[in-house]
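Notes to accompany the following structure.
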Amino acid sequence: MDTEYWYRCNRCGYMYTPQQVQALIQLHVSRSGAVPSDPNAIPSRIPCRKRGCEGSVLRTTSVFREGR
């Protein structure tokens with residue numbers, strides 16, 4: 001996992017810090033019951049945690065959060 005880049009939901013646009021994404025990965029793994037071979041590996045789809053959003057979280061190309 002690259003800790004320099006921010007992550008964004010592909011549907012609602014909500015921004016996640018690298019630390020939030022690590023927590024989402026741990027939550028996703030604990031709920032699915034899968035045992036990852038590499039604890040820093042990013043699952044193919046990380047669901048967005050914003051209420052009512054069905055999107056998934058993807059890495060952005062920017063190092064810092066963009067302004068609105």
Side-chain angles (χ1 to χ4, degrees):
M1 162 167 244
D2 196 348
T3 58
E4 293 181 10
Y5 291 91
W6 282 62
Y7 294 76
R8 179 188 301 272
C9 175
N10 64 354
R11 179 169 271 185
C12 69
Y14 187 80
M15 295 289 288
Y16 290 92
T17 65
Q19 294 81 12
Q20 288 174 315
V21 172
Q22 286 178 335
L24 286 175
I25 291 170
Q26 291 174 355
L27 180 66
H28 180 71
V29 168
S30 68
R31 286 186 176 175
S32 67
V35 178
S37 58
D38 181 11
N40 293 325
I42 298 175
S44 59
R45 183 178 185 280
I46 304 169
C48 179
R49 295 290 295 159
K50 192 169 180 182
R51 183 175 293 197
C53 181
E54 299 291 325
S56 58
V57 179
L58 305 170
R59 192 182 100 171
T60 63
T61 56
S62 62
V63 178
F64 301 105
R65 182 177 183 166
E66 300 113 3
R68 288 194 172 245

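Values reported hereafter were calculated over all heavy atoms of this structure, with side chains retained and with hydrogens, waters and symmetry mates removed. All residue numbers in this chain count up from 1 along the given sequence.
Considering all non-hydrogen atoms of both residues, Lys50 and Cys12 come closest at CD-SG, 3.9 Å. Closest non-hydrogen pair, Cys53 versus Arg11, comes out as SG-CB, 4.0 Å.
Applying the side chain to side chain contact (heavy atoms under 4.5 Å, CB included) criterion to Arg49, with sequence neighbours excluded, gives Tyr16, Leu24, Leu27, Arg31.
Atom CE of Met15 is separated from atom SG of Cys9 by 11.0 Å, given to the nearest 0.5 angstrom. Between the SG atom of Cys48 and the OH atom of Tyr14 there is a distance of 8.5 Å, given to the nearest 0.5 Å.
When atom types are taken as modelled, the side chain of Thr60 and the backbone of Trp6 share a donor-acceptor pair closer than 3.5 angstrom. In this structure, the side chain of Asn10 engages the main chain of Ser56 through a donor-acceptor pair within 3.5 Å.
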